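These numbers come from the heavy atoms of this one structure, side chains and all, not from hydrogens, waters or symmetry mates. Residue numbers run from 1 in the order of the sequence given. Every value quoted in this text rests on a predicted model; they were computed, and no experiment measured them.
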Amino acid sequence: MLEKLKKNSLKSRLPIIIIMLIVAVGLLVYFGPDFITWAKGPVVFEELSIDEIDDQYVTMTFELTFGTFATEVTTTTRNGAKVSERDSMQYHAVLVGGLDRYMYTDESMYWEFVGLAVPSRYFDTTEIIDKNSDEFFETYDLRALDTTMQVTGQILPMDEKMLRYYKSFFRSADYTDAEFEAYCAPYYIKVGSLSRGSIEIVLLMNAVAVLLILGAVFMLVKALTGGYQRKLIKTLKAQGDMELERADVDFSSAFEPTKGIKIGRSYLFDCTSAKTKVIPLRQIAWAYTHQTNHQKYGRTVSTTYNSMIYTEDKKLHQLVIPSKAICDQIMDDLSKKCPAGIFGYSDQLKQMFNKNYDEFTRLRRQKEAEMNQTQGFNSAYADPNQDPFNNNPYQNI
């Protein structure tokens, strides 16, 4: 029995395990290289030449801007109408290698530039840096640059639209096309981001991938080692030392009205999911069929059935059944094997079960005694209309 149940658990869990592994591999393939880049740490931007900046993950001290060549605007709309708009990203032209490279050298050097994309959360600081930069270009006094910001991000190639703004900015500063090609690198540092997204997103997606892999491995190991049957084994062993062996025999000869549901002489086995559930038949207190009509535009489009089984501890075990006929089979088989069980639904039974369980238990014992005497079913009530057993076993919603 246990080996069959292990195989059933593995079969049940295998699709989700495969899906989890596929998603995890996809996330690692897409975001993994960025995670490796982040794990290696950034290089110092000021130590790179213009020929070395492509695709680098860098940290730089932002203290001087040659100007803002583009601003990204985020627009909020409602019902197709613009509600508001705000600046969400600024694109600055900054010096490759930092200012010190050009100020503290005896050689005559042309200033070389690259873009810097700064998110809106830093705008208060960039506004100060922008003012300081204007003052610096008037006096070339380094004391004007008294505000700095340490930023980290990936150097990415500019897209066509950004490059157009970038080139237009330097043309307005009287750069020729040749000078632009020579001294203005078509790249930008995206602050707080890697090539596939923000640093936070990259780390989150890699963490999700790892969790998916661990979850898939956990479910696989649990299925192969019988972990989904531990509660079943514990329940059976609590019934006695030999109960597991009895259940094994019961499982082998059990009636299977529908796939995954097996009813033996002593137990009902629910194998419809990876976690196997077992219900001792002698503990069934009340069972009935619950019918749900699913409606759309006032018309019933489908109907589902559930076998509702309450045990003596008032715990509900709900079985999803494909048809009314199979529900009838289950109720019929259980009624024959559970002399102390009440079968069928009525509001009277429901009220008694919920509010007067002692009376419900008395009714069960009475039914069991009658069945033991007559081997059939005779109501204790003279009036069939007051008989809680003489009710439609189906509850419609």
Side-chain angles (χ1 to χ4, degrees), residues 235 250 254-273 275-295 300-372 374-397:
T235 301
D250 204 37
F255 164 60
E256 189 171 10
T258 186
K259 186 177 180 180
I261 304 295
K262 295 173 76 72
I263 305 174
R265 297 179 63 183
S266 302
Y267 292 98
L268 183 151
F269 301 90
D270 180 4
C271 311
T272 54
S273 64
K275 188 177 181 180
T276 309
K277 301 174 184 176
V278 61
I279 306 172
L281 299 187
R282 62 181 175 274
Q283 293 182 10
I284 292 178
W286 184 27
Y288 60 89
T289 296
H290 179 85
Q291 175 181 318
T292 304
N293 296 324
H294 303 278
Q295 296 186 337
T300 299
V301 294
S302 64
T303 303
T304 55
Y305 300 90
N306 297 88
S307 290
M308 316 291 282
I309 301 174
Y310 289 90
T311 48
E312 292 175 341
D313 57 2
K314 300 185 76 171
K315 183 178 180 181
L316 172 62
H317 302 268
Q318 187 170 332
L319 309 179
V320 180
I321 308 301
S323 71
K324 175 181 177 297
I326 295 175
C327 284
D328 291 343
Q329 280 186 306
I330 292 173
M331 291 297 121
D332 182 61
D333 195 50
L334 290 177
S335 66
K336 294 175 182 177
K337 296 175 179 178
C338 307
I342 305 297
F343 293 90
Y345 177 87
S346 73
D347 292 337
Q348 184 181 354
L349 279 173
K350 181 179 180 181
Q351 184 175 13
M352 187 187 301
F353 183 84
N354 291 331
K355 298 184 178 181
N356 193 356
Y357 191 66
D358 289 340
E359 177 63 17
F360 189 90
T361 302
R362 188 198 64 77
L363 196 64
R364 289 180 57 216
R365 300 310 174 206
Q366 178 184 322
K367 174 179 177 286
E368 183 179 18
E370 290 177 356
M371 290 192 69
N372 289 337
T374 64
Q375 296 182 352
F377 175 75
N378 293 312
S379 173
Y381 292 85
D383 184 355
N385 294 324
Q386 296 181 2
D387 184 353
F389 305 124
N390 188 23
N391 283 279
N392 187 341
Y394 298 97
Q395 180 188 21
N396 295 292
I397 293 180

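Two residues are said to be in side-chain contact when any heavy atoms from C-beta on lie closer than 4.5 Å; Leu281 and Ser266 fail this criterion. When side chains are defined from C-beta on, Glu312 counts as touching Arg364, because their heavy atoms get closer than 4.5 Å. Side-chain atoms of Leu363 and Leu349, non-hydrogen and from C-beta on, do get closer than 4.5 Å to each other.
Annotation: side-chain contact (heavy atoms from CB on, under 4.5 Å) contacts of Lys314 (sequence neighbours excluded): Phe353, Tyr357. Under the side chain to side chain donor-acceptor pair (under 3.5 Å) criterion, Thr304 pairs with His294, not counting sequence neighbours. Here Asp270 pairs with Thr272 under the side chain to side chain donor-acceptor pair (under 3.5 Å) rule; sequence neighbours left out. For the side chain to side chain donor-acceptor pair (under 3.5 Å) test, no residue two or more places apart in sequence or in another chain qualifies with Thr361. Partners of Phe255 by side-chain contact (heavy atoms from CB on, under 4.5 Å), not counting sequence neighbours, listed by chain and number: Pro257, Gln329, Asp333. Every residue meeting the side chain to side chain donor-acceptor pair (under 3.5 Å) condition with Thr311, not counting sequence neighbours, appears here in chain and number order: Asp313. When the side-chain contact (heavy atoms from CB on, under 4.5 Å) test is applied to Glu368, the partners found at least two apart in sequence or on another chain are Pro339, Ala340, Arg365, Asn372. With sequence neighbours excluded, the residues satisfying side-chain contact (heavy atoms from CB on, under 4.5 Å) with Thr258 are Ile261, Ile321, Pro322, Ile326. Judged as a salt bridge (Lys or Arg N to Asp or Glu O under 4.0 Å), and not counting sequence neighbours, the contacts of Lys336 are Asp332.
Counted within 6.0 Å of NZ on Lys275, heavy atoms from surrounding residues, nucleotides or ligands total 12 or fewer; the atom is thus considered open.
Contact record, Cys327 with Ser307: SG-OG, 4.2 Å, taken as the closest heavy-atom pair. Heavy atoms only, all atoms of each residue included: Met308 and Leu316 are closest at CE-CD2, 3.9 Å. The two residues Ala287 and Ile309 come nearest to each other via the heavy atoms CB-CG1, 4.1 Å. When all heavy atoms of His317 and Lys315 are compared, the pair lying nearest together is CD2-O, 3.6 Å. Scanning both residues, Cys338 and Lys367, for their nearest heavy atoms gives O-NZ, 3.9 Å.
Between atom CG of residue Leu334 and atom CD1 of residue Ile263 there is a gap of 4.5 Å, rounded to the nearest 0.5 Å. A distance of 11.5 Å separates OG1 in Thr276 from NZ in Lys262, rounded to the nearest 0.5 Å. Between Gln366 atom CD and Glu359 atom CD the span is 8.5 Å, to the nearest 0.5 Å. Taking OH of Tyr267 as the start and NZ of Lys337 as the end, the distance is 14.0 Å to the nearest 0.5 Å. Rounded to the nearest 0.5 Å, atoms CG (Asp250) and CZ (Phe269) are 5.0 Å apart.
Within the 3.5 Å criterion, the main-chain N or O of Tyr305 finds no donor-acceptor partner in the side chain of Lys324. Of the possible polar contacts, none joining the Lys350 side chain to the Tyr345 backbone as a donor-acceptor pair under 3.5 Å is found.
Taking the six-membered ring where the residue is Trp, Trp286 and Tyr310 present parallel rings, their angle staying beneath 30° rather than reaching 60°.
Within the structure, salt bridge (Lys or Arg N to Asp or Glu O under 4.0 Å) pairs that include any residue of residues 279-293 do not occur (at least two apart or interchain).
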